[in-house]
Amino acid sequence: MVVTVEGLVANAVNCGESDKMLTLITRQYGKLSVYARGGRRINSKFMTGSLKFTYGDYVINKTDKLNILQEANAKMTFFSLRKDVCAAALADYIAEVLVDVAMPEEPDTETLDLALNCLYVLSEGKRAPGDVKTVFEWKLIERLGIYPDLSGCHKCGKADKDWYYLDIMNGELTCRDCGAASKPENADDGTARIIMLLSGAEIYAANRIMNSEKSKMFSLPSDNTVKKHLCEASEKYLLNHLERSYKTLEFYKEISTL
Ligand SMILES: [Zn+2]
């Protein structure tokens with residue numbers, strides 16, 4: 001069956017002498033592995049369309065065994081990402097996570113749009129990579145339906161405290177008063193909890209990102225300490241829930257602190 005899809009090349013791996021295997025995240029079919037015959041040849045008609053981070057229209061012969069690329073028409077290439085090593089490293093992380101959470105035959109256009117938005121902002125240099133990472137992670141946590149309840153302390157209900165413990169795996173907040181009484185570092189069965197201390201301002205900002213519309217999702221607090229904690233919290237929360245670590249993230253963190 002020949003189909004036309006719109007999607008992002010989230011990964012491209014060389015294979016054979018001149019071919020490529022693409023991982024496309026598409027609006028119509030979710031994650032698709034697509035074989036681009038001759039995709040590495042300079043004069044290939046797939047040259048631009050098969051580059052990682054290209055977004056466009058793809059005509060694919062979809063079979064049970066292999067999906068073969070027939071046509072590729074790039075709409076966006078995000079070429080500017082290559083100019084900034086830090087932005088490029090973060091884009092690699094975003095693409096790797098996207099491939100990880102996308103499912104074959106289960107399109108999720110909102111998550112694809114989130115990634116595209118982040119790649120655009122990164123490639124245009126409109127936001128610092130650290131801010132893009134924070135927004136991508138918090139928004140993805142919301143998209144995946146694994147978000148914490150940040151409405152207030154889950155014991156006393158108070159939402160006006162200066163500091164809270166966030167229990168990463170349970171997604172619950174405990175204010176410091178209730179936390180001191182119940183030793184939040186240990187779960188009821190005695191196992192160690194993964195706890196982060198977050199200020200009320202940080203909780204408010206995380207909530208705001210998760211609930212923001214697309215056009216407003218990059219409005220972050222100006223305070224650098226708040227931003228740093230928000231970024232650490234989203235990463236810890238997302239990676240623990242996905243039960244994953246990402247080499248691309250380690251690399252990004254290494255070079256972003258240079
Ligand atoms: Zn409380």
Side-chain angles (χ1 to χ4, degrees), residues 90 93-94 97-98 100-101 108 110-111 114-115 117-118 127-246 249-250 252-253 256-257:
L90 186 66
Y93 166 60
I94 290 172
V97 176
L98 185 66
D100 212 19
V101 300
D108 178 354
E110 278 188 52
T111 301
L114 168 65
N117 239 312
C118 290
R127 298 282 166 180
D131 290 355
V132 178
K133 174 180 173 291
T134 302
V135 170
F136 174 71
E137 288 171 339
W138 278 117
K139 271 289 189 193
L140 186 63
I141 288 165
E142 189 270 328
R143 283 291 315 138
L144 295 175
I146 52 173
Y147 47 87
D149 176 5
L150 301 182
S151 59
C153 171
H154 83 287
K155 290 198 168 154
C156 68
K158 287 190 176 151
D160 57 352
K161 301 280 184 172
D162 291 337
W163 292 94
Y164 292 90
Y165 298 106
L166 171 63
D167 182 326
I168 298 279
M169 295 320 291
N170 286 348
E172 284 173 344
L173 291 180
T174 310
C175 73
R176 281 221 285 202
D177 297 336
C178 295
S182 68
K183 295 189 178 162
E185 64 271 17
N186 286 316
D188 296 340
D189 63 1
T191 53
R193 289 185 195 271
I194 309 166
I195 301 286
M196 279 198 85
L197 187 62
L198 292 174
S199 70
E202 288 153 10
I203 301 286
Y204 175 80
N207 238 336
R208 215 177 109 154
I209 298 170
M210 285 195 287
N211 295 311
S212 64
E213 290 167 28
K214 219 189 285 180
S215 58
K216 291 185 185 142
M217 66 183 183
F218 288 101
S219 29
L220 291 176
S222 51
D223 185 306
N224 282 332
T225 309
V226 172
K227 283 210 278 195
K228 188 168 167 272
H229 285 169
L230 266 183
C231 189
E232 287 167 1
S234 56
E235 179 183 318
K236 205 166 186 176
Y237 196 89
L238 180 67
L239 267 50
N240 272 292
H241 280 264
L242 294 179
E243 298 180 323
R244 277 288 316 259
S245 60
Y246 294 96
L249 174 62
E250 294 313 315
Y252 162 73
K253 282 161 75 175
S256 63
T257 51

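Order of appearance sets the numbers: ligands from 1, and atoms from 1 within every ligand. As a basis for the values below, the full set of heavy atoms in this structure was taken, side chains included, without hydrogen atoms, waters or symmetry mates. Everything quoted here is computed from the prediction, not taken from an experiment.
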Practice item. Determine, stepwise, if the pair Leu173 / His154 fulfils side chain to side chain contact (heavy atoms under 4.5 Å, CB included). Key: CA-CA 6 Å; Leu173 291 180; His154 83 287; 5.8 Å; no
**Study point:** Glu137 and Val97: CA distance, side-chain angles, deciding distance, side chain to side chain contact (heavy atoms under 4.5 Å, CB included) verdict
**Key:** CA-CA 10 Å; Glu137 288 171 339; Val97 176; over 6 Å; no
Revision key, fill the gap. Here the vertex angle at the Zn ion (ligand 1) for SG of Cys153 and SG of Cys175, given to 10°, is 110°
Study note, to complete from the structure: For the Zn ion (ligand 1), angle spanned by Cys156 SG and Cys178 SG (nearest 10°) is 110°
Check your understanding: Is there a donor in the side chain of Glu235 and an acceptor in the side chain of Tyr246, or the other way round, less than 3.5 Å apart?
Key -> no
Check your understanding: Do any of the N/O/S atoms of His154, backbone or side chain, fall under 2.8 Å from the Zn ion (ligand 1)?
Key -> no
Point to revise | Side-chain donor/acceptor of Lys161 to backbone N/O of Gly152, under 3.5 Å | key: no
